[in-house]
Amino acid sequence: MVRKEMIAMLLAGGQGSRLGVLTAGVAKPAVAFGGKYRIIDFPLSNCINSGIDTVGVLTQYQPLRLNTHIGIGIPWDLDRNNGGVTILPPYEKSASSEWYTGTANAIFQNMNYMESYHPKYVLILSGDHIYKMDYEVMLGFHKENHADVTIATMPVPPEEAGRFGIVIADEDKKIRAFEEKPAEPRSNLASMGIYIFSWDALKEALCHLKDQSGCDFGKHVIPYCHETGRNLYAYEFNGYWKDVGTLGSYWEANMELVDLIPEFNLYEEYWKIYTKSDIIEPQYFSPEAVVEKSIVGEGAEISGRIYHSVIGPGVIIGAGTVVRDSIIMKDTVTGRGCDISRAIIAENCRIGNNVALGVGEEAQNRLHADIYAFGLATVGEDSVIPDGVSVGKNTAISGVTSGDDYPDGMLPGGEVIIKAGDAV
Amino acid sequence: MKAIGIILAGGNNSRMQELSQKRAIAAMPVGGSYRSIDFALSNMSNSHIQTVAVLTQYSARSLNEHLSSSKWWDFGRKQGGLFVFNPTVTADNSWWYRGTADAMYQNISFLKRRHEPYVIITSGDCVYKLDYNRVLDYHIGKKADITVVVRDMEPDADVSRFGVVSMNEDARITEFEEKPMVSRSHTISTGIYIVRRRQLIEMLERSAAEDRWDFVTDILIRYKNMKQIYGYKMKEYWNNIATVESYYRTNMDFLSPEVRRYFFREEPKICSKVDDLPPAKYNAGSDVRNSLIASGCIINGKVENSVLFKKVFVGRNCVIKNSVILNDVYIGDNTHIENCIVESRDTLKANTYYCGDGSIRIVCENNERYVL
């Protein structure tokens with residue numbers, strides 16, 4: 001009988017709609033991050049670095065990129081005879097067929113997968129955070145306290161506590177109460193959405209709540225465990241942890257990597273982050289190139305000037321183009337003489353010559369003021385921007401655009417162009 | 001599958017000076033991200049040759065480390081795979097490989113057990129892309145016993161370190177001189193051969209019986225009038241890196257857009273071991289022009305007309321010019337490096353000056369690395 005002490009279930013099915021056009025065609029965990037990675041690389045690398053070699057990845061929304069990225073798990077050493085990585089999409093059953101309706105519902109629907117490994121503990125992860133964490137230390141804490149459920153938490157500044165699920169624990173870290181986005185928080189320990197369950201507690205809760213619609217860990221499973229008198233403990237994590245759920249926080253987390261000594265350091269020998277590398281060539285800077293305070297991925301060809309930016313692998317920046325405070329992802333090509341400032345340009349875009357991105361005054365976005373904010377110009381995957389246009393702040397562009405889409409050669413601040421596809 | 005591959009990677013060469021002290025030439029880093037042997041291995045894999053033997057001998061640790069997994073080149077299949085043959089002591093043999101033919105002869109059971117009709121032999125110290133199937137079609141069309149891939153060199157090039165061939169109008173090789181002082185032709189052998197597997201076994205066994213151990217002098221040159229040996233002219237990029245000068249030039253070639261396009265952007269691509277390094281990082285004060293930078297580098301100074309391999313750290317106010325810095329080198333602040341090749345894993349102290357005058361200087365300091 002195959003027996004694993006702890007297996008991980010990684011929730012990667014969410015759209016991440018607050019990332020706007022960036023997640024029009026890919027699930028949020030597959031969005032590029034930090035010049036060569038994808039968001040899901042962080043929890044996957046944490047797993048293997050923590051000695052967890054059995055990971056179920058639950059997918060639902062736009063899984064193609066995620067599936068091709070993960071494959072059989074070779075980059076993370078998760079190609080195993082016993083265990084390894086398994087992609088778990090929703091599937092049809094003889095009596096019913098339903099999508100994953102909530103985080104806990106998704107886990108419940110994969111009860112067979114988990115049971116096949118006879119785990120003692122199950123680690124629940126989500127695929128949308130940037131952090132390095134040793135889950136084995138958390139498991140040690142869980143065992144030491146004879147906990148049924150351990151919730152990873154981190155201290156947040158009191159003024160920000162209202163944005164999180166807050167955990168109230170006593171000195172022994174035993175959890176007394178929860179508050180979801182409280183107006184007046186009684187504690188500063190925010191839940192990170194990372195849980196360790198003892199198998200009995202998880203199975204019992206999931207089976208009991210199986211008819212709960214949209215069954216969710218934060219909303220249903222954890223409160224249920226609390227009410228039924230399970231031992232819930234708060235594990236305090238004090239490292240770097242960043243939710244990259246909004247364009248603003250996504251941009252900020254990328255930009256933090258270019259600091260002289262970044263708080264989140266990718267250059268340490270210890271605790272490497274692994275990813276699938278399709279491009280291995282070195283990067284080239286032409287005689288007229290300038291690069292400062294930036295990170296640049298493999299195979300990029302830079303003829304322009306790059307300041308304080310994150311440039312992905314295979315990107316080509318034409319001569320005379322200036323890139324500032326921007327994120328440009330894999331295989332995007334920009335023409336000559338562009339001026340790109342505070343922009344997020346997704347993978348495989350074609351930007352013409354003399355294009356200005358992120359110019360003018362800030363204006364509130366016409367369609368989604370909550371998504372396209374922070375003064376950023378956002379360009380979705382595979383987009384094309386014609387020569388000579390200028391694009392304002394808080395804008396979004398997705399799809400193949402032509403000169404006709406830009407009256408007077410201009411997309412004013414706060415405007416959106418979305419062509420074809422099931423974009424947001 | 002019509003052919004199997006053999007890569008000769010055992011060689012050392014005094015013309016590499018200090019650079020070959022700790023590794024075989026086939027393990028030399030090339031073009032920022034690769035090792036020399038990646039080119040031969042990728043050519044094999046891209047030509048759908050699934051069974052490849054690498055014969056190593058001299059200082060093979062670094063090479064073996066690089067070949068520790070065959071997955072990077074897409075070998076490691078159920079049919080075929082990547083075989084690494086180091087010399088071993090057996091009941092009836094306690095010799096090292098006494099030459100290229102002996103290296104193959106000592107592993108003749110590998111040749112005998114396969115069923116593919118042809119063998120492609122190449123060396124691990126050349127930088128090129130070639131579809132061996134094109135050469136194989138030529139070989140079959142010519143009904144050749146052996147086909148040698150040859151290349152015309154510039155009229156003023158020094159060919160004295162190569163095998164030099166002359167061919168008749170039918171491309172049959174009429175003259176073959178190994179490393180001639182004065183050569184009669186500027187067509188050289190690239191060290192890539194195609195031969196029928198049974199023919200090779202027969203020739204190797206016969207040479208061994210006569211105590212002859214070198215593939216070029218004891219097989220190619222001896223058999224040239226008896227067997228049909230043809231030349232296949234290759235016109236694409238090809239360079240042998242086995243001298244300091246040519247090693248430096250080959251790396252610098254990658255600064256030209258044509259060479260980069262040919263190797264980095266055009267299919268098929270060259271594969272190499274993946275090192276899981278973060279993207280290169282450029283801090284305030286970095287100034288990088290006409291240079292190749294590999295992943296994992298951290299740049300704080302000035303880099304011009306240079307090739308930096310993986311994980312190089314360049315301190316503040318450094319100037320690096322016309323140089324090749326091999327992987328994992330730490331360069332302290334205010335250091336000036338010009339016309340140099342800096343050996344891998346080296347640590348250069350702050351405020352030092354290295355300059356090659358008229359020729360390429362090899363820097364090999366062996367300083368202790370202070371853990372940062």
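Each chain gets a letter, A, B and so on, in the order the sequences are listed, and its residues count up from 1. Only a predicted model underlies this, so the values are computations on that prediction, with no experimental measurement involved.
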> Nearest 0.5 Å, what's the CG-OG distance between B:Asp276 and A:Ser277?
Replying inline: 6.0 Å
> Between B:Asn305 and chain A, which part of the residue has a heavy atom less than 4.5 Å away: side chain, backbone, both or neither?
Replying inline: neither
>> Just so I understand: if I count every heavy-atom pair under 4.5 Å between each of B:Leu308, B:Val303, B:Val274, B:Leu277 and chain A, which residue has the most?
In response: B:Leu277
>> Can you tell me which portion of A:Lys272 sits under 4.5 Å from chain B's heavy atoms? Options are side chain, backbone, both or neither.
In response: side chain
> Do you know which of B:Ala280, B:Ala294, B:Ser272 has the most heavy-atom pairs with chain A at a distance under 4.5 angstrom?
Replying inline: B:Ala280
>> Which atoms of A:Glu298 are under 4.5 Å from chain B, going by heavy atoms: the side chain, the backbone, both sets, or neither?
In response: side chain
> Measuring heavy-atom distances to chain A, does B:Ser291 have an atom under 4.5 Å in its side chain, in its backbone, in both, or in neither?
Replying inline: backbone
> Which one of A:Gly314, A:Ala300, A:Ser303 has the most heavy-atom pairs closer than 4.5 Å to chain B?
Replying inline: A:Gly314
> So which heavy atom on A:Val258 is nearest to which on B:Lys281, and how close?
Replying inline: O-NZ, 3.7 Å
>> With a 4.5 Å cut-off on side-chain heavy atoms, are A:Tyr307 and B:Tyr282 touching?
In response: no
>> I'd like to know which of B:Leu255, B:Val288, B:Asp287 tops the heavy-atom pair count under 4.5 Å against chain A.
In response: B:Val288
> If you count heavy-atom pairs under 4.5 Å with chain B, which of A:Gly297, A:Gly35, A:Ala289, A:Gly299 comes out on top?
Replying inline: A:Ala289
> Can we say B:Arg260 and A:Glu281 salt-bridge, meaning some charged N sits less than 4.0 Å from an Asp/Glu carboxylate O?
Replying inline: no
>> Can you tell me which portion of A:Val291 sits under 4.5 Å from chain B's heavy atoms? Options are side chain, backbone, both or neither.
In response: both
> What are the two closest heavy atoms between A:Pro282 and B:Gly31, and how far apart are they?
Replying inline: CG-O, 3.1 Å
>> Under the criterion side-chain contact (heavy atoms from CB on, under 4.5 Å), I'd like the reasoning laid out for A:Ile316 against B:Arg265: C-alpha separation, chi angles, the key distance, then a yes or no.
In response: CA-CA 12 Å; A:Ile316 298 177; B:Arg265 300 255 167 198; 3.7 Å; yes
> If you look at every heavy atom in A:Gly34 and B:Pro279, which pair is closest and at what distance?
Replying inline: O-CG, 3.2 Å
>> Can you tell me which portion of A:Glu269 sits under 4.5 Å from chain B's heavy atoms? Options are side chain, backbone, both or neither.
In response: side chain
>> Give me each pair satisfying ring pair (Phe, Tyr, Trp, His ring centres under 6.0 Å) with a member in residues 64-84 of chain A, each pair once, sequence neighbours excluded.
In response: A:His69-A:Trp76
>> If I take atom OG from residue A:Ser294 and atom CD1 from residue B:Ile299, how far apart are they, to the nearest 0.5 angstrom?
In response: 12.5 Å
>> Take a 6.0 Å sphere around CZ of B:Arg316 and say whether it holds more than 12 heavy atoms from other residues, nucleotides or ligands.
In response: no
> Are A:Tyr284 and B:Asn290 close enough that some pair of their side-chain heavy atoms sits under 4.5 Å apart?
Replying inline: yes
> Looking at CD1 of B:Ile293 and CD1 of A:Ile302, how far apart are the two atoms once the value is rounded to the nearest 0.5 Å?
Replying inline: 11.5 Å
> Hey, does B:Lys71 have a side-chain heavy atom less than 4.5 Å from the side chain of A:Ile74?
Replying inline: yes
> Does the side chain of A:Ile280 reach to within under 4.5 Å of the side chain of B:Tyr34, using non-hydrogen atoms?
Replying inline: yes
> Within a reach of under 6.0 Å around CD of B:Gln79, are more than 12 heavy atoms found that belong to other residues, nucleotides or ligands?
Replying inline: no
> For atom NZ of A:Lys242, is the number of surrounding heavy atoms from other residues, nucleotides or ligands below 6.0 Å larger than 12?
Replying inline: yes
>> Counting only non-hydrogen atoms closer than 4.5 Å, does A:Ile306 touch chain B with its backbone (N, CA, C, O), its side chain (CB onward), both, or neither?
In response: neither
> Of the listed residues (A:Val296, A:Leu257, A:Leu266), which shares the most heavy-atom pairs with chain B below a 4.5 Å separation?
Replying inline: A:Val296
> chain B heavy atoms under 4.5 Å from A:Glu301: which part of the residue, side chain, backbone, both or neither?
Replying inline: both
>> If you count every heavy atom of other residues, nucleotides or ligands that lies below 6.0 Å from A:Arg336 atom CZ, does the total exceed 12?
In response: no
> Can you tell me how far the OG atom of B:Ser286 sits from the NZ atom of A:Lys293, to the nearest 0.5 Å?
Replying inline: 10.5 Å
>> Heavy-atom count check: over 12 atoms from other residues, nucleotides or ligands less than 6.0 Å from B:Lys310 NZ?
In response: yes
